[in-house]
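What follows is a short report on a single structure.
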Amino acid sequence: MARVALVTGGSRGIGAAISKALKAAGYAVAANYAGNDDAANAFKAETGIPVYKWNVADYEECKAGAAQVEADLGPIDIVVANAGITRDAPFHKMTPEQWRQVIDTNLTGVFNTVHPVWPGMRERKFGRVVVISSVNGQKGQFAQVNYAATKAGDIGIVRSLAQEGARAGITANAVCPGYIATEMVMAVPEKVRESIIAQIPAGRLGEPEEIARCVAFLVSDDAGFINGSTISANGAQFFG
Ligand code: CAA
């Protein structure tokens, strides 16, 4: 039986590329999404990957969602915590609401996603957790005090989970994408985006598939001794 992989935020952007790469590698993939029904339905029609709607910021929804995936596809052995949002603003303008939304989705969302499936991984003595962090969690970023805090937090999460899961055959790793050609990066004002690209030695944005290939390796049986690590894929923008 194919291993079951849950990808949050799995119907758009980097998450969609991860869902497709894991399906191509032979996993039974479930793609979670939060709200964009049209994009999720188009993704499902294109890929045949089932989509599940819930809000990663809500623990009970995550628990129920994971239970539904397990009822449909089988026990979740692989979880890719990818769902994330930005609410960029210089710190002096950042509102408590912008802080809270990003923390709830990007950081608490990782807890909410992994916690319900962790006991099953421990029981079955196998698990793969991959959290999608960011270069901006490694280096910080103007106007991203909230986002950078969550992405740095991801690294603390996987380093801790790695120590707890290692003896149970569970690995937990982070991938830190640089600037990737997705809607999130395209939402940055063009002038700012151009100045960012100028700071990337590769001279270009990354492609979602370049991140998906990192994830496909980390969840494979071959990567069993890679635990608590961080893979940076950023075109040499930063060495974290
Ligand atoms: N470094 C230094 N200064 C910067 C800057 C940067 N990266 N970005 C903006 N500024 C400066 C502007 O030049 C401007 O300076 P002046 O006042 O001297 O003209 C000032 O900061 C902006 O002030 P504003 O009051 O106009 O700012 P604003 O309230 O309109 O906010 C912004 C604008 C939201 C900061 C906008 O510039 C922006 O979106 N910047 C990009 C932030 C960013 O890189 N986000 C990453 C998103 S992609 C992502 O997060 C994915 C990933 O993981 C990599």
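For reference, positions follow the sequence shown, starting with 1. Atoms within a ligand are numbered from 1 in the order they appear, just like the ligands themselves. All of these numbers come straight from a predicted model, not from anything done at the bench.
- Side-chain N or O atoms of S220 include one that pairs as donor or acceptor with a backbone N or O of F217 at under 3.5 Å.
- Few gaps surround NZ on K139; more than 12 heavy atoms of other groups in view lie less than 6.0 Å from it.
- Of the candidates Q144, Q237, K191, it is Q144 that places a heavy atom closest to atom 50 (O) of ligand 1.
- Between the N234 side chain and the C176 main chain, no donor and acceptor come within less than 3.5 Å of each other.
- Side-chain contact annotation: T86 with Q144, donor-acceptor N/O pair under 3.5 Å absent.
- With hydrogens left out, the protein atom closest to atom 21 (O) of ligand 1 is F142 CZ, 3.0 Å, a heavy atom.
- Considering only non-hydrogen protein atoms, atom 42 (C) of ligand 1 sits nearest to D88 OD2, 3.5 Å.
- There is a protein heavy atom less than 4.0 angstrom from atom 10 (N) of ligand 1.
- Using modelled atom types, no side-chain atom of S133 and backbone atom of A174 make a donor-acceptor pair closer than 3.5 Å.
- Checked by distance only, ligand 1 and S134 come closer than 3.5 Å through their nitrogen or oxygen atoms.
- Protein heavy atom nearest atom 28 (P) of ligand 1, with residue, atom name and distance: K93 NZ, 3.7 Å.
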- Message: Quick one, Y52 with D72, criterion side-chain hydrogen bond (donor to acceptor under 3.5 Å, both in side chains). Give me CA distance, side-chain angles, the key distance, then yes/no.
- Response: CA-CA 11 Å; Y52 294 83; D72 294 348; 2.8 Å; yes

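- The closest donor-acceptor contact from the side chain of N32 to the backbone of V51 lies at 3.5 Å or more, if one exists at all.
- The proximity of I196 to ligand 1, defined as any non-hydrogen pair under 4.0 Å, is limited to the side chain.
- Contact annotation for P90 and ligand 1: only side-chain heavy atoms (C-beta onward) come within less than 4.0 Å of the ligand.
- Interface atoms of ligand 1 facing V185, defined by a heavy-atom separation under 4.0 Å, are 48 (S).
- Which parts of ligand 1 touch T86 is read off a 4.0 Å heavy-atom cut-off, strictly below it: atoms 50 (O).
- Checked by atom type and distance alone, the side chain of N106 never pairs as donor or acceptor with a backbone atom of T150 at under 3.5 Å.
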- Query: Would T8 and N82 satisfy side-chain hydrogen bond (donor to acceptor under 3.5 Å, both in side chains), going step by step from the backbone distance to the final call?
  - Reply: CA-CA 5 Å; T8 67; N82 163 77; 5.4 Å; no

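- For A187, no heavy-atom contact with ligand 1 is shorter than 4.0 Å.
- Counting only heavy atoms, the protein gets under 4.0 Å from atom 46 (C) of ligand 1.
- At least one protein heavy atom sits closer than 4.0 Å to atom 25 (O) of ligand 1.
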- Show your working on side-chain hydrogen bond (donor to acceptor under 3.5 Å, both in side chains) between E61 and N55 and close with a plain yes or no. CA-CA 6 Å; E61 285 189 33; N55 177 4; 5.1 Å; no

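- What sits closest to atom 41 (C) of ligand 1 on the protein, heavy atoms only, is V192 CG1, 3.6 Å.
- The salt bridge (Lys or Arg N to Asp or Glu O under 4.0 Å) search around E210 returns R204, not counting sequence neighbours.
- Atom 14 (C) of ligand 1 is not flagged as protein-proximal [any protein heavy atom, distance under 4.0 Å].
- A donor-acceptor distance shorter than 3.5 angstrom exists from the side chain of R193 to the backbone of V188, with no hydrogens or angles considered.
- Put simply, atom 4 (C) of ligand 1 has protein non-hydrogen atoms near it, under 4.0 Å away.
- Neither the backbone nor the side chain of K151 comes within contact range of ligand 1; no heavy atom lies under 4.0 Å.
- Atom 19 (O) of ligand 1 is not flagged as protein-proximal [any protein heavy atom, distance under 4.0 Å].
- Nearest-heavy-atom check against atom 49 (C) of ligand 1 across R193, M184, H92 picks out M184.
- In this structure, atom 35 (C) of ligand 1 has a protein heavy-atom contact shorter than 4.0 Å.
- Counting atoms of ligand 1 from 1 in the listed order, those under 4.0 Å from a heavy atom of V188 are 41 (C), 47 (C).
- Heavy atoms from other residues, nucleotides or ligands lying under 6.0 Å from CD of E97 number more than 12.
- When the heavy-atom distances from atom 39 (O) of ligand 1 to P189, A143, A148 are ranked, the shortest goes to P189.
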